[in-house]
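Report on the following structure.
Fair warning: this is a prediction, and the values are worked out from it, not measured in the lab. Counting convention: from 1, in listed order, for ligands and their atoms alike.
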Amino acid sequence: MSAGGAGPASFGGGPRGPPTTPPGDRPAWPSANGQQAVTATISVSGTLDGGMKRYYGSGALGDDGQSEDLPALFELADGATLQNVILGSPAADGVHCKGACTLKNVWWEDVGEDAATFRGSSASLVRTVDGGGAKLASDKVFQHNGAGTLVVKNFQADDIGKLVRSCGNCSTQYARHIQVQNVWLTAPADSLVGINTNYGDTARLSAVTVYDDPGRDIEICTKYKGTTSGEPSKIGSGPDSTNCLYRESDITYVD
Ligand code: ADA
Ligand code: CA
Ligand code: CA
């Protein structure tokens with residue numbers, strides 16, 4: 001292969017570059033290229049490319065528990081990109097995004113309270129998670145607390161609670177839209193996506209592969225009645241034409 005066109009063959013692809021794998025192929029979990037303790041939240045505006053370094057919490061960020069209001073290892077400004085990063089353990093509250101941020105090829109080896117939280121009050125906001133993966137989430141991986149859309153694509157998750165949840169009880173609630181495309185989920189897990197139908201949430205799912213769930217225990221799209229205080233109540237699950245927008249054929253099971 002020549003060094004022209006799409007770029008030198010030594011760049012892109014593989015565990016050290018951005019995902020170039022076509023839809024359908026699950027990439028290998030990457031190995032870290034060095035590591036760094038994070039003792040104070042790293043603010044990101046523009047792009048932070050970690051070169052596949054592992055970042056793990058220490059000191060004030062050394063909490064591996066499930067208490068709410070933990071600080072994040074990375075806090076992304078509106079428009080920021082975090083890429084080629086591994087979050088090790090402990091990971092506290094992972095990544096916080098204030099607006100239309102992008103997480104590209106970001107991997108969580110042992111999710112903290114959650115992996116990433118998305119905020120921002122504009123209905124036109126779109127944030128994107130492209131590539132990467134998450135393991136060992138006691139509860140949620142992606143917490144959508146803002147308005148607008150969250151896209152998760154080319155992502156793998158293994159032993160989690162929920163992959164994406166539209167906040168069930170945030171004090172300000174919004175209509176939230178979730179797109180999950182080309183995602184590999186390995187049991188155990190409670191749910192792929194959880195949405196609040198009473199606030200007009202939608203989830204569009206395509207090319208989802210579920211591994212090791214012969215009992216079909218994982219809920220694909222769980223519907224709740226969200227609240228602004230107290231616990232949300234579960235209404236049901238499964239595809240429909242208004243909120244959980246997918247067909248059974250969008251989900252492939254590999255038992
Ligand atoms: C839980 C909690 C929310 C919010 C969320 C989060 O769902 O009920 O209020 O704290 O976690 O962002 O982690
Ligand atoms: Ca939480
Ligand atoms: Ca959290």
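Between the Arg176 side chain and the Cys167 main chain, a donor and an acceptor come within less than 3.5 Å of each other. In this structure, the side chain of Arg127 engages the main chain of Arg119 through a donor-acceptor pair within 3.5 Å. Between the side chain of Asp110 and the main chain of Ser89, no donor-acceptor pair closer than 3.5 Å is present. Asp201 places a side-chain N or O within donor-acceptor distance of the main-chain N or O of Asn196, the cut-off being under 3.5 Å. The main-chain N or O of Pro71 is never found under 3.5 Å from a side-chain atom of Glu113 such that the two would form a donor-acceptor pair.
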Review point. Checking side chain to side chain contact (heavy atoms under 4.5 Å, CB included) for the pair Trp107/Gln156: CA distance, chi angles, key distance, verdict?
Key: CA-CA 9 Å; Trp107 302 79; Gln156 55 186 287; 3.6 Å; yes
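Listed by chain and number, Glu68 OE1, Glu68 OE2, Glu113 OE1, Glu113 OE2 are the protein N/O/S atoms closer than 3.0 Å to the Ca ion (ligand 2), with waters left out.
Salt bridge annotation for Arg165-Asp114: absent, with no cationic side-chain nitrogen under 4.0 angstrom from a carboxylate oxygen.
A cation-pi contact links Arg26 to Tyr211, judged by a cut-off of 6.0 Å to the six-membered ring centre and 45° from its axis.
What sits closest to atom 4 (C) of ligand 1 on the protein, heavy atoms only, is Glu68 OE1, 3.9 Å. For atom 8 (O) of ligand 1, the nearest non-hydrogen atom of the protein is Asn169 OD1, 2.9 Å.
A donor-acceptor pair shorter than 3.5 Å cannot be found between the side chains of Ser166 and His144.
Considering backbone and side-chain atoms alike, Glu113 places an N or O below 3.5 Å from some N or O of ligand 1. When only interatomic distances are considered, the shortest N/O to N/O separation between Lys140 and ligand 1 falls below 3.5 Å. Close N/O approach between Thr117 and ligand 1 is not found [any backbone or side-chain N/O within under 3.5 Å].
Shortest distance from the Ca ion (ligand 3) to Asp93 is reached at OD1 (N/O/S atoms only).
At a 4.0 Å heavy-atom cut-off, ligand 1 does not touch Asp93 at all. Contacts of Asp69 with ligand 1, taken as heavy-atom pairs under 4.0 Å, are absent altogether.
The distance from atom CG of Leu163 to atom CD1 of Ile220, rounded to the nearest 0.5 Å, is 10.5 Å.
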